[in-house]
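Contents: one structure, followed by commentary.
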Amino acid sequence: MYQTLLQGLKGALAEHIREKYGVELNVVLERPPKLEMGEAASPVCFELAKRLKRAPRHIAQEIAASLPRIEGIARVEVAGGGYLNAFFDRAAFFAATVAEGSGEWPFAEGAQGKRVAPRQEPGQPSGAKEEKKEKKKKVIVEHTSINPNKAAHIGHLRNAVLGDTMVRLLRYTNHDVAVQNYIDNTGVQVADVVIAFQQMEKKSLAEVKALAAQPNFDYLCWDLYAKATQFFEEDKVRAGKLRGETLKSIEEGRGEAAEMGAVIADAIVSLHLRTMARLDIFYELLARESEILHLHFWDAAFEKLKASGAIRLEASGKNAGCWVMPWRKEANEVKDVKEVKEKSAAAAAGEASTSGRTEEDLDKIIVRSNGTVTYVGKDIAYQLWKFGLLGKDFHYRRWPNAPGAEQLWATTTEPNEPGAPQFGGAEAVYNVIDTRQAYLQDVVAEGLRALGHAKEAENSIHFDYEIVALTPRCAAEMGYELSPEDAKRPYVEVSGRKGFGVKADDLITRMLKAAEKRVRQKHPTMAGAELQATANALAVGALRFFLLKVTRNTIIAFDFDDALSAEGETGPYCQYAIVRIRGIRRKGHDRGLEKASSTELKSDANLLAPESRAAIQEILAGAGNEDIWDLLLHAGSLDYAVDAAIGAQEPAFVTKYAFQLAQAFNNFYHKHHILSEADAQKRAFLLGLTELVEKQLVQALVLLGIQAAEKM
RNA sequence: GCGCCCGUAGCUCAGUUGGAUAGAGCGUCUGCCUUCUAAGCAGAGGGUCGGGAGUUCGACUCUCCCCGGGCGCGCCA
């Protein structure tokens, strides 16, 4: 509701200024530092003062006096040197937030039931009422995309949790989202494990099949892959030869190496799915590289790239025989190219420029001189498919035994299975990939642009994030030996190759145990399914919140103590506020107090009736009740937090919101005893407010993929 | 060498397009459980926002320079 009011205020101010002064400007709004300064403020008069060459305060006074009434805003005052401070109609804010989504503005004067800017559909799990909405924007979110040759580690969890949360946010804001998980089942990483089984472990295909059926196969491969890395470093020539042969077999899908690779990749993918399901993360499509190869996606893309002149065959120079894409991204990059050209010219003229890169270095090789395509080339083909621009499609089959209620599909070269949905053809694509791949993602977008797909290049969103590393203390705790240099650094990067890192399942299990222990202590009688469900909600809540509360470009230096914490700015803190609310509801219900369930609140004529307005207003404006209004204001600001999160592509804004709402509630909880409130009307209102807080906080947590608990 | 990111309280981090007195959590210290669950609340202490110049009515935020740290730049993926 807060966002709705801001938009109304912003529009009204802009229009008023245009009419009164003939000035068109962007009205900036901010949250005042203190509640007594109102709920929204604008420094727009400072900007206006510059244009009109008049004192900002005088302009502010003029505007405050002449501004027409704005829906939901009680008054606008002048403050400081020329701020315009808006004060909300508090009772109306309560009613409007409760009624949010219905499109009705309660208490509207003059215009009965006038529609306010309707909020998008609340995030119902199944499309409850979608017919009245405008067409949803179709987007693809690709996340997780772990190489299927070892167990998932904590860095993969950050990827999946970020991606999954973005999916939830996009669905909540009326997007048609397809979640895809890219499986590089024919790459060197799988090949390496195949080689390790064959050469180092001397395992037959049948033996590997047996191992792959075991539940700890991903852990086994984790260790094996680390050993393989060492094995390859011992003899680079041997490594190159083995890799070449094995990779060729796997890519062509022929021979025992190919079959073993498929067994390994499929088994590991299933284990990854199981791991992610523990955190309520699911997918709709597994897009596999084997199909990109066998359905000749690259060939189609290659033809387009050649035909459009986006890539060219180099006849001479260091890239002779390669197809390269010239690097010429947008105007702001041209400067760099120019600089490089100048340097290049200087070098040619014999001037001292020993290490300057030449123009040639900016070109990106797409096809090697031996005719094989690079990773980026395949990625361009895949990205074209995502936008429906390739002119080819995968075939689809059901993925067997996938966790979760929804059907999971995988690509195949076989004919479509009946019931296969349409994938691809999105308007926007989010690729959740860590920030180290920024350059390659730029090349992919540049490829689309070079093909004349400027809009799709623009809508190719590299949803980047910083890595998860381990603190040296954590590394030591896990028994890893660090070099003296590493031990001094603030963090050490995890590495699947080296087998260095915290495995996802280990971490989840450890958090589950910690949560269970805590719940047992507080509720000795709780057992069975209830205990498991509670511990699970708390563990997942702690972990997801931990990974989401920092902004994307912050490196997480992982430490068990931080992750396991359940105090302060954590998931369990937010969950605890809900538990308290539910405790009040239960007890209130037992005592037969009115409005003790959220289902009653919404349809309750009492609190939302016009005759309740004065009483509610009195409570919200009453001396000593600032914290009540503060709580309500927070409760009504979910839309604002979500819009900011979507706009900045920053899920951390939602964790911040959830924490602040929980904090406002805890503050309120200690000052106001609800069930013993003597004034029946006030008690009813406080109960109503509490239920509203619960609804908003639960919704915020749903967006974060965190479940609320009944007790903890 | 070129490019990108980071530097805010003892520690870990917020600070949305430039806006009012720079915030939170953890840790430290002091209080608060016979009243809706103390995984909580209240209070105290803690800052040259890496340094310097500039733009602006106004800079943690924008520009330039410098210092310190990380990452990327391959006919690997």
Side-chain angles (χ1 to χ4, degrees), chain A residues 26 28 30-34 37 41-43 46-47 49-50 56 79-83 85 147 184 187-189 243 318-322 324 333 336 339-340 343 353-357 361-362 365-370 372 374-376 378-379 434-440 464 466-467 469 489-491 493 518-519 521-523 538 542 549-551 553-557 559 561-562 565-570 572-573 575-577 579-588 591 640-641 643-645 647-648 650 652-653 656 659-660 663 666-667 669-676 690 711-712:
Chain A
N26 180 36
V28 174
E30 54 165 305
R31 199 123 168 181
K34 298 218 165 193
M37 296 165 150
S42 180
F46 296 109
E47 180 64 26
K50 221 186 306 186
Y83 283 94
N85 289 355
N147 268 302
D184 186 2
V188 283
Q189 293 216 16
R243 270 184 172 156
K318 59 178 283 201
N319 295 337
C322 298
V324 303
E333 299 281 342
D336 300 339
E339 278 171 15
V340 171
K343 267 189 195 155
S353 175
T354 47
S355 55
R357 302 190 79 199
D361 289 315
L362 286 175
I365 291 163
I366 304 297
V367 179
R368 304 180 187 103
S369 55
N370 68 2
T372 57
T374 58
Y375 168 77
V376 197
K378 279 182 279 192
D379 235 29
D434 80 60
T435 190
R436 293 173 300 187
Q437 295 207 38
Y439 167 66
L440 290 169
D464 64 325
E466 267 294 354
I467 57 162
R489 310 174 81 205
Y491 50 81
E493 192 180 334
R518 197 74 186 271
V519 177
Q521 279 170 358
K522 294 198 75 172
H523 303 278
L538 292 170
K549 74 174 176 182
V550 296
T551 51
N553 65 0
T554 298
I555 295 172
I556 295 179
D559 197 287
D561 289 350
D562 296 337
S565 169
E567 288 164 15
E569 196 169 348
T570 65
Y573 177 96
Q575 290 166 312
Y576 187 58
V579 162
R580 281 178 151 173
I581 292 170
R582 292 182 172 173
I584 294 169
R585 287 238 319 267
R586 274 197 308 274
K587 205 153 248 181
R591 295 185 194 174
Y640 178 68
D643 281 7
E650 191 57 87
F653 290 0
K656 189 63 85 181
F659 173 64
Q660 286 175 347
Q663 200 173 40
N666 278 331
N667 180 323
Y669 175 90
H670 279 271
K671 282 189 194 155
H672 305 272
H673 202 273
I674 297 165
L675 296 178
S676 60
T690 298
K711 295 176 180 175
M712 63 186 271

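Chain letters run A, B, ... following the sequence lines, proteins first and then strands; every chain starts at 1.
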*Please state whether the phosphate of B/A38, meaning OP1 or OP2, lies under 4.0 angstrom from any side-chain nitrogen or oxygen of A/Y669.*
yes
_N/O (side chain, A/Y573) to phosphate O (OP1/OP2, B/C41) under 4.0 Å_ = yes
*Among A/Q660, A/K549, A/K656, whose side-chain hydrogen bond (donor to acceptor under 3.5 Å, both in side chains) with A/E569 holds?*
A/K656
*Do we count A/Y83 as stacking onto B/A20 if the rule is ring centres under 5.5 Å and planes under 30°?*
yes
*For RNA chain B, which consecutive runs of 3 or more Watson-Crick or G-U pairs (each distance under 3.5 Å) count as stems?*
B:1-7 with B:67-73, B:10-13 with B:23-26, B:28-32 with B:40-44, B:50-54 with B:62-66
*Quick one: which of B/C36, B/G40, B/G19 gets closest to the side chain of A/I584?*
B/C36
*Using the C1' atom in both, what is the distance from B/G7 to B/C66, to the nearest Å?*
14 Å
*Rounding to a whole Å, what distance do you find between A/D561:CG and B/G25:P?*
19 Å
Short heteroatom pairs, N/O only, protein and nucleotides 4-7 of chain B, under 3.5 Å:
| residue | atom | partner | partner atom | Å |
| --- | --- | --- | --- | --- |
| B/C6 | OP1 | A/N553 | ND2 | 3.4 |

*Just how far, in rounded Å, is C1' of B/G72 from CG of A/D464?*
12 Å
*Does a nitrogen or oxygen in the side chain of A/R489 sit under 4.0 Å from OP1 or OP2 of B/G70?*
yes
_What is the separation between atom NE2 on A/H670 and atom C1' on B/U35, rounded to the nearest whole Å?_
13 Å
*Protein-nucleotide distance (A/R243, atom CZ; B/C76, atom P), rounded to Å*: 12 Å
*asked:* Between A/V367 and A/R436, which residue's closest nucleotide on RNA chain B lies nearer the 5′ terminus?
replied: A/R436
*Report which part of the nucleic acid A/T554 touches: base, sugar-phosphate, or nothing (heavy-atom distance under 4.0 Å, all strands).*
sugar-phosphate
*Does B/C33 sit syn or anti, given that only angles within 90° of 0 count as syn?*
syn
*Please state whether the phosphate of B/G25, meaning OP1 or OP2, lies under 4.0 angstrom from any side-chain nitrogen or oxygen of A/Q663.*
yes
*Pick base, sugar-phosphate or nothing for A/K549, based on heavy-atom distances below 4.0 Å to the nucleic acid.*
nothing
*Rounded to the nearest angstrom, tell me the gap between atom CG in A/L440 and atom C1' in B/G74.*
10 Å
_Please report the distance, rounded to the nearest Å, between CZ in A/F659 and P in B/A24._
10 Å
*Send over the distance from A/N666 CG to B/C33 C1', rounded to a whole Å.*
15 Å
_A/R368 side-chain N/O to B/C76 phosphate OP1/OP2 under 4.0 Å_ = yes
_Whole-Å distance separating the NZ atom of A/K587 from the P atom of B/U35_ = 9 Å
*asked:* What's the closest nucleotide to the side chain of A/I555 if the choices are B/A77, B/G70, B/A20?
replied: B/G70
Short N/O separations, protein against nucleotides 16-18 of chain B, under 3.5 angstrom:
| residue | atom | partner | partner atom | Å |
| --- | --- | --- | --- | --- |
| B/U16 | N3 | A/Y640 | OH | 3.4 |

*Roughly how far apart, to the nearest Å, are B/C13 and B/G51 at atom C1'?*
23 Å
